[in-house]
Amino acid sequence: MDLYQLFKTRTPIIGVVHLLPLPTSPRWGGSLKAVIDRAEQEALALASGGVDGLMVENFFDAPFTKSQVDPVVVSAMTVVVQRIQNLVSLPIGLNVLRNDGRSGLAIASCIKAQFIRVNVLTGVMATDQGLIEGDAHQLLRYRRELGSDVKIFADVLVKHARPLSSPNLTVAVKDTIERGLADAVILSGWATGTPPNLEDLELATQAANGTPVFIGSGASWENIATLMQAADGAIVSSSLKRQGRIEQPIDPNRVSQFMEAVRQGWNLKTDEQKSPSSVKLHS
């Protein structure tokens, strides 16, 4: 997948819009207008701060179903994403939690969104929703049936979960790409707000062999320059919120600060690549 063609940059930063609870959620507040207003506010804050793409997810619908969401969630997310598309021209994706890639793909295909995130595309993960099995077989065939070119960004050893088998990052990355046919892979820390370590990112990038690798959690203005040394892009939300608190809305100042750190890190990386002293000599 050509990241530049999709995001107009080779190192995209994707800002996440966490939707307020949707209908049928235990915390549903009764007003879809409130959900839309908050989503539009966050999308504008992310876009004005300089992110390269957006992802919309039903984050506050917890506790999640482990597979197919209620049809009203699909309807609500479709409406919200269309409203966001009317406001900003950035590439946009969806993550229908906890693992409803089919609904995400259906929404994205109908409204011309560019990508979806799938938490478990291959393998079996033990989660707080129970055992979640990857369903790449059905999802990829559904994409072909729809005649869709929506890209699939797939988590590897997803956060808030543990694999049933012994975790081997290299094997998991290769299986997700070669057997699950993911267009990009995502590597996270153990939970929302915790980053992957640099060594794991380097292993994942090596195993991916040219398929884009995204940081899936824990990116902040303090660590993004370091983490991006071993990744192609990042998906970020928690650190961009007011006071860094997950329940708060996106803070435009934090977005700008984060994107400035990304630019500084990229400039430093470019300077190091140009510097003769960065060339390693082998005897």
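On a predicted model such as this, the values are computed, not experimentally measured, just so you know. Numbers here simply count residues along the sequence, with the first being 1.
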If we ignore hydrogens and angles and just use 3.5 Å, is the side chain of [X] paired with the main-chain N or O of [Y] as donor and acceptor?
X    : Y    : answer
K66  : L131 : yes
N95  : E57  : no
S239 : A219 : yes
T205 : A230 : yes
R143 : S148 : no
T194 : G218 : no
N99  : V120 : yes

Counting C-beta onward and ignoring hydrogens, is there a side-chain heavy-atom pair between [X] and [Y] closer than 4.5 Å?
X    : Y    : result
M1   : F153 : yes
E40  : I36  : yes
I235 : V16  : yes
L97  : D61  : no
M77  : N58  : yes
N223 : L227 : yes
L181 : I152 : no
L3   : F214 : yes

Using a cut-off of 6.0 Å, state whether more than 12 heavy atoms not belonging to [X] lie near its atom [atom1].
X    : atom1 : result
N86  : CG    : yes
R38  : CZ    : yes
E202 : CD    : yes
Q68  : CD    : no

Please name all residues satisfying salt bridge (Lys or Arg N to Asp or Glu O under 4.0 Å) with E260, sequence neighbours left out, ordered by chain then number.
R263
For I111, what residues pass the side-chain contact (heavy atoms from CB on, under 4.5 Å) criterion, not counting sequence neighbours?
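side-chain contact (heavy atoms from CB on, under 4.5 Å) list for I111, sorted by chain: T78, V81, Q82, Q85, I107, A113.
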Measuring from atom [atom1] of [X] to atom [atom2] of [Y], what distance do you get when rounded to the nearest 0.5 angstrom?
X    : Y    : atom1 : atom2 : answer
D251 : R242 : CG    : CZ    : 7.0 Å
E199 : L169 : CD    : CG    : 11.5 Å
D52  : K8   : CG    : NZ    : 12.0 Å
Q138 : L105 : CD    : CG    : 12.0 Å
D200 : S188 : CG    : OG    : 11.0 Å

Give the ring-plane orientation class for F59 versus H18, where under 30° counts as parallel, over 60° as perpendicular and anything between as tilted.
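Correct class here is parallel.
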Check the side chains of D155 and N119 for a donor-acceptor pair under 3.5 angstrom, ignoring hydrogens and angles.
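N119 vs D155: donor-acceptor pair found between side chains.
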If you group Ile, Leu, Val, Met, Phe, Trp and Tyr whenever their side-chain heavy atoms sit less than 4.5 Å apart, what else falls in with L198?
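Same cluster as L198: nobody, lone residue.
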Which heavy atom of F60 sits nearest to which heavy atom of S25, and what is that distance?
O-OG, 3.8 Å
Check whether NZ of the Lys or CZ of the Arg R10 lies under 6.0 Å from the centre of the six-membered ring of Y4 and within 45 degrees of that ring's axis.
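Output yes; distance and angle both within limits.
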